[in-house]
Protein chains: 2
Amino acid sequence: MGDRVLPVDVSTVQERVYLEVQAALHQGRFMPGEAVTIRSLAQAVGTSPMPIRGAIQRLVAEKALVQLPNRTFRVAPFDLDIHAEQTRIRCAVEGFAAYRAAIRAPAGLVDELRDANGTMRGAVAAGDTDGVLDANRQFHFALYRGAESSQLTEMITQFWLRSGPFIAMALRTPESRTMFEAGTRLHDRIIDAIGKQDPDGARFALALDIRAAAAWFRRRYRSEQSDPGEGSPAA
Amino acid sequence: MGDRVLPVDVSTVQERVYLEVQAALHQGRFMPGEAVTIRSLAQAVGTSPMPIRGAIQRLVAEKALVQLPNRTFRVAPFDLDIHAEQTRIRCAVEGFAAYRAAIRAPAGLVDELRDANGTMRGAVAAGDTDGVLDANRQFHFALYRGAESSQLTEMITQFWLRSGPFIAMALRTPESRTMFEAGTRLHDRIIDAIGKQDPDGARFALALDIRAAAAWFRRRYRSEQSDPGEGSPAA
DNA sequence: AAGCATCGTGATCACAGATCACAAATCTGG
DNA sequence: CCAGATTTGTGATCTGTGATCACGATGCTT
């Protein structure tokens, strides 16, 4: 019978709401600091306030949203100081995951990383920014799964949840192409270090990758701030 | 806010199970007369028996499934006598809907029918049987919606729910191509009658369409019965 | 013919979600 | 600046859904 009917989605409305809002945040569809209300979200996704509550509480716990003293919710705030701090933390945490992945080097990891990086190259060549971001994410999380620590992966996911401003910048900036091309070369260095089971090399190359993307973002961000056009952050 | 998050699916597990099983029946993935159990369906779609019960009860009410005196369920039985009776009823009911559609002739109906028929032509030319069946369905239900009677459309839907043997035959028989090509020409006649607001012409052309497909099916069915290979019905 | 397995269904319980009401905070107009 | 209106988050209630368990009936196997 299993070949005649497909599995059905048994997730709850709250889970689906959570995934939709999480994706919107991650893709930078909300501005940092923007107010988010239970009733407006409920209206937008077509449910009652109840499932929105649970989803929003979870996103607050994950620090993608913040709840103010007057109990209203906003998208987590953002500025270059916050960004610099996040970059330092990411280098430490994700660098450690890369270090561990190089030590454990489970079977198939190098092939999986090469595949994801190859897909990313193809997407860059095609000018497909959505595809680039997706492949980049595939690459990084394949690497972090290689560390074989679900706690680490969860922690890293929460930081990625707050990369909305970067994602939005990449999507509206054609010049992101050269930044991503450079990123695929840094990915090559990470793969090489994993292949040689060189943990320090993996950590170092991973940190270069994160810092290069952060530097690109900072330059673009400052440029947009000094020349305010559309898309400037609210906070 | 509505442009930043998409509506979320708020259907219940039972509703989704119903749609999946209904689609499987309609696409002929089950043999007429085949036994269907609550526990095996639950395992296949990945739920507990509860939502399967509700879905199956609904399909029994719609006569896509039957419940035997010992309370077990089977796919509705099928033979050429049943098929002939269904064809007569379809000509009467769907013919009446076409008649009404020609009288009401709501704005945009003719264009919508032409579009669907054009899509069907393209799919026939491409040898895309799934696309052909989908476009055929689009055409017919656009026509029936033109009758502006939800009761009629519901009734017609139930008959279409029992076209699994025809769908399955079309999908496994390459010669269905010429039958569908002829179908698009009969669709042209229906469109012409709707355009001229000729109800008798619409009804007549619609009945020709149904009968032609039924005749094709009958010949293929008899051929398979007298030369039993794979795909012969169980009942 | 007896025992075992399978089937549909009834019952129970927990959870999810719709809806309503209320208190607190904010906003607007005078 | 204040009062009234509106908006917001949250608590409470109720209903429906779905997981789980048990039982009786039926069918199958030995």
Side-chain angles (χ1 to χ4, degrees), chain A residues 1-2 4-22 30-31 33-77 234-235, chain B residues 1-2 4-22 25 30-31 33-76 234-235:
Chain A
M1 176 82 66
R4 256 85 62 73
V5 287
L6 296 172
V8 155
D9 178 12
V10 295
S11 59
T12 63
V13 170
Q14 174 180 307
E15 285 167 351
R16 296 197 283 279
V17 165
Y18 166 78
L19 289 174
E20 175 58 27
V21 179
Q22 184 203 49
F30 289 103
M31 302 294 290
E34 176 177 357
V36 165
T37 75
I38 289 175
R39 284 185 177 82
S40 64
L41 269 183
Q43 187 167 26
V45 303
T47 74
S48 71
M50 280 304 302
I52 310 295
R53 289 194 213 178
I56 286 204
Q57 291 301 338
R58 186 173 167 185
L59 288 162
V60 167
E62 292 172 348
K63 302 189 193 313
L65 296 178
V66 296
Q67 188 168 29
L68 304 182
N70 69 352
R71 298 166 104 181
T72 59
F73 303 96
R74 287 178 181 274
V75 180
Chain B
M1 176 81 65
R4 258 85 64 70
V5 288
L6 296 172
V8 155
D9 179 11
V10 295
S11 60
T12 63
V13 169
Q14 174 180 307
E15 285 167 351
R16 296 197 286 279
V17 165
Y18 165 79
L19 290 175
E20 174 59 26
V21 179
Q22 183 204 51
L25 288 164
F30 289 103
M31 303 293 293
E34 176 176 357
V36 165
T37 75
I38 289 173
R39 286 185 176 84
S40 63
L41 270 181
Q43 188 167 24
V45 303
T47 74
S48 73
M50 280 304 301
I52 310 295
R53 287 195 214 178
I56 286 203
Q57 291 301 337
R58 186 172 166 185
L59 288 162
V60 168
E62 292 171 349
K63 303 189 195 308
L65 296 179
V66 296
Q67 188 167 30
L68 304 183
N70 69 351
R71 300 165 105 180
T72 60
F73 303 95
R74 287 179 180 273
V75 180

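Order of the sequence lines fixes the chain letters, A, B, ..., with proteins taken first and strands second; residue numbering starts at 1 for each chain.
Taking only distance into account, the side chain of B/Arg39 meets the base of C/dG8 through a donor-acceptor pair shorter than 3.5 Å. The base of D/dG11 sits with one of its N or O atoms less than 3.5 Å from a complementary donor or acceptor on the side chain of A/Arg53.
Remark: B/Gln57 CD is packed, more than 12 non-hydrogen atoms of other residues, nucleotides or ligands lying under 6.0 Å away.
Atom CG of A/Asp9 is separated from atom C1' of C/dA16 by 15 Å (rounded to the nearest Å). Across the protein-nucleic acid pair, A/Glu34 atom CD and D/dT8 atom P stand 13 Å apart, rounded to whole Å. The distance from atom CD of A/Gln14 to atom C1' of D/dG16 is 17 Å, rounded to the nearest whole Å. Rounding to whole angstrom units, OH of residue A/Tyr18 and P of C/dG17 are separated by 16 Å. Regarding A/Ile52, its CD1 atom lies at a distance of 15 Å from the P atom of C/dA16, rounded to whole Å. Atom CE of A/Met50 and atom C1' of C/dC15 are 11 Å apart (whole Å). Distance CG (A/Leu41) to P (D/dT7): 17 Å, rounded to an integer number of Å.
The main-chain N or O of B/Thr12 is found under 3.5 Å from a side-chain atom of B/Glu15 such that the two form a donor-acceptor pair.
Between the CE atom of A/Met50 and the CD1 atom of A/Ile38 there is a distance of 9.5 Å, given to the nearest 0.5 Å. Here the CD-CZ distance, from B/Gln14 to B/Arg53, works out to 11.0 Å after rounding to the nearest 0.5 Å. With rounding to the nearest 0.5 Å, the separation of CD in B/Gln43 from CZ in B/Arg39 is 11.0 Å.
B/Ser11 meets the side-chain hydrogen bond (donor to acceptor under 3.5 Å, both in side chains) test with B/Asp9, B/Arg16; sequence neighbours excluded.
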- Message: Checking B/Arg58 against B/Glu62 for the side-chain contact (heavy atoms from CB on, under 4.5 Å) test, could you report, in this order, the C-alpha distance in whole Å, the side-chain angles of both residues, the deciding distance, and whether it holds?
- Response: CA-CA 6 Å; B/Arg58 186 172 166 185; B/Glu62 292 171 349; 3.6 Å; yes

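A heavy atom lying under 4.0 Å from DNA chain C marks the following residues of residues 62-74 of chain B, by number: B/Gln67, B/Arg71, B/Thr72, B/Phe73.
Contact annotation for A/Gln57: backbone-only contact, meaning every heavy-atom pair under 4.0 Å involves sugar-phosphate atoms and none involves a base.
The residue among B/Pro49 and B/Val10 whose nearest nucleotide of DNA chain C lies closer to the 5′ end is B/Pro49.
Closest to the B/Thr12 side chain, of the nucleotides C/dA16, D/dG9, D/dG18, is D/dG18.
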